[in-house]
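Position 1 is the first residue of the sequence, and the numbers go up from there. What you see is a predicted model, and the numbers here were worked out from it, not measured in a lab. When a ligand or atom number is given, it counts from 1 through the structure's own listing order.
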Amino acid sequence: MIGRLNHVAIAVSDLAAATATYKNTLGAKVSEPESLPEHGVTVVFVELPNAKIELLQPLGEGSPIAGFVAKNPAGGIHHLCYEVDDILTARDQLKAAGARVLGDGEPKIGAHGKPVLFLHPKDFNGALVELEQA
Ligand SMILES: C[C@@H](C(=O)O)C(=O)SCCNC(=O)CCNC(=O)[C@H](O)C(C)(C)COP(=O)(O)OP(=O)(O)OC[C@H]1O[C@@H](n2cnc3c(N)ncnc32)[C@H](O)[C@@H]1OP(=O)(O)O
Ligand SMILES: [Co+2]
C-alpha cells in the first residue's frame with residue numbers, strides 16, 4: 001500500500017536555528033518558513049535529492065507537537081511520511097486492520113497542498129506515520 005518516503009519530520013523549539021544548521025552546517029537547500037495554523041506548526045522543508053526533511057516548530061495554542069517538543073527540548077524525529085495512491089482507500093484498509101487514524105479521520109490538506117492523515121505511533125512501532133496522497 002505505501003509508496004515513496006516523502007519526508008522525515010524533525011520537531012524543534014527553534015526553527016531558525018534548525019534551519020541554519022541544515023543550511024550552513026550540512027549545506028542543504030532549505031525553503032522559507034511557512035505557517036500552517038490548521039496543523040499547529042510552522043514548517044521549513046529541506047530538499048534532498050531523494051526525499052525531504054520537514055523541520056517543525058509548534059504554532060499557536062494546542063499545537064499537536066507541543067507535548068513532544070516539551071519532552072524533547074533539543075528536538076527529535078517526529079514522524080515519517082509515506083505516499084499512498086488513494087488516501088481514503090488506504091485509510092479504510094488501515095482502520096479495518098485496527099490501526100488508529102488520528103483526529104476526526106478525515107484528511108486535511110498538508111504542506112504540499114495534498115490530503116494527509118496521521119496514524120497513531122503506538123500502532124506503528126513507536127513511530128508516528130503520516131500518509132500523503134501522491
Ligand atoms: C503539515 C503536515 C505535513 O507534513 O503536510 C505535518 O506534518 S503537520 C505535523 C504535526 N501534526 C501532527 O503530528 C498530527 C498528528 N499528531 C497528533 O495527533 C499528536 O501529535 C499525537 C500523535 C496524538 C501525540 O500527541 P501528544 O504528544 O499530545 O499525546 P500524548 O502525550 O498523549 O502521547 C501519547 C503517547 O505517544 C507518544 N508520542 C507523542 N508524539 C509522538 C511521536 N511524534 N512519535 C512517537 N511517539 C509519540 C507520547 O510519548 C506518549 O507515549 P507514552 O504514553 O508512552 O508516554
Ligand atoms: Co509531515
Legend entry - Side-chain heavy atoms of Leu88 within contact of Pro107, under 4.5 Å: yes

Legend entry - side-chain contact (heavy atoms from CB on, under 4.5 Å) evaluation trace for Leu102 with His120: CA-CA 6 Å; Leu102 295 170; His120 200 288; 3.7 Å; yes

Check ligand 1 against the protein and report each N/O to N/O distance under 3.5 Å, formatted as atom name, atom name, distance.
| residue | atom | partner | partner atom | Å |
| --- | --- | --- | --- | --- |
| ligand 1 | 4 (O) | His7 | NE2 | 3.2 |
| ligand 1 | 4 (O) | Glu54 | OE1 | 3.3 |
| ligand 1 | 4 (O) | Glu54 | OE2 | 2.5 |
| ligand 1 | 4 (O) | Glu130 | OE1 | 3.1 |
| ligand 1 | 4 (O) | Glu130 | OE2 | 3.1 |
| ligand 1 | 5 (O) | Ala111 | N | 2.8 |
| ligand 1 | 5 (O) | Glu130 | OE2 | 3.2 |
| ligand 1 | 7 (O) | Glu54 | OE1 | 3.0 |
| ligand 1 | 7 (O) | His79 | NE2 | 3.1 |
| ligand 1 | 7 (O) | Glu130 | OE1 | 3.2 |
| ligand 1 | 20 (O) | Pro64 | O | 2.9 |
| ligand 1 | 43 (N) | His78 | O | 2.9 |
| ligand 1 | 43 (N) | His78 | NE2 | 3.4 |
| ligand 1 | 49 (O) | Lys71 | NZ | 3.0 |
| ligand 1 | 51 (O) | Lys122 | NZ | 3.2 |
| ligand 1 | 54 (O) | Lys122 | NZ | 2.7 |

Inset, instruction - Output every pair passing side-chain hydrogen bond (donor to acceptor under 3.5 Å, both in side chains) with a member in residues 83-98, not counting sequence neighbours, ordered by first then second residue. - result: Arg4-Glu83, Asn6-Glu83, Asp86-Thr89, Arg91-Glu106

Legend entry - Side chains of Leu119 and Tyr82 in contact at under 4.5 Å (non-hydrogen atoms): no

Legend entry - Main-chain N/O of Ala127 paired to Asn125 side chain as donor or acceptor, under 3.5 Å: no

Legend entry - Residues clustering with Leu36 (ILVMFWY side chains joined when closer than 4.5 Å, directly or via others): Val41, Val43, Phe45, Leu56, Ile65, Val69

Legend entry - Protein-derived N, O or S atoms lying under 2.8 Å from the Co ion (ligand 2), waters excluded: 4

Inset, instruction - Please test Phe118 against Val129 for side-chain contact (heavy atoms from CB on, under 4.5 Å), starting from the C-alpha separation and ending with a verdict. - result: CA-CA 6 Å; Phe118 290 87; Val129 172; over 6 Å; no

Legend entry - side-chain contact (heavy atoms from CB on, under 4.5 Å) evaluation trace for Ile109 with Val116: CA-CA 6 Å; Ile109 298 303; Val116 301; over 6 Å; no

Inset, instruction - For His78 and Glu54, run side-chain contact (heavy atoms from CB on, under 4.5 Å): C-alpha distance rounded to whole Å, both residues' side-chain angles, the deciding distance at 0.1 Å, then the answer. - result: CA-CA 9 Å; His78 186 261; Glu54 182 182 64; over 6 Å; no

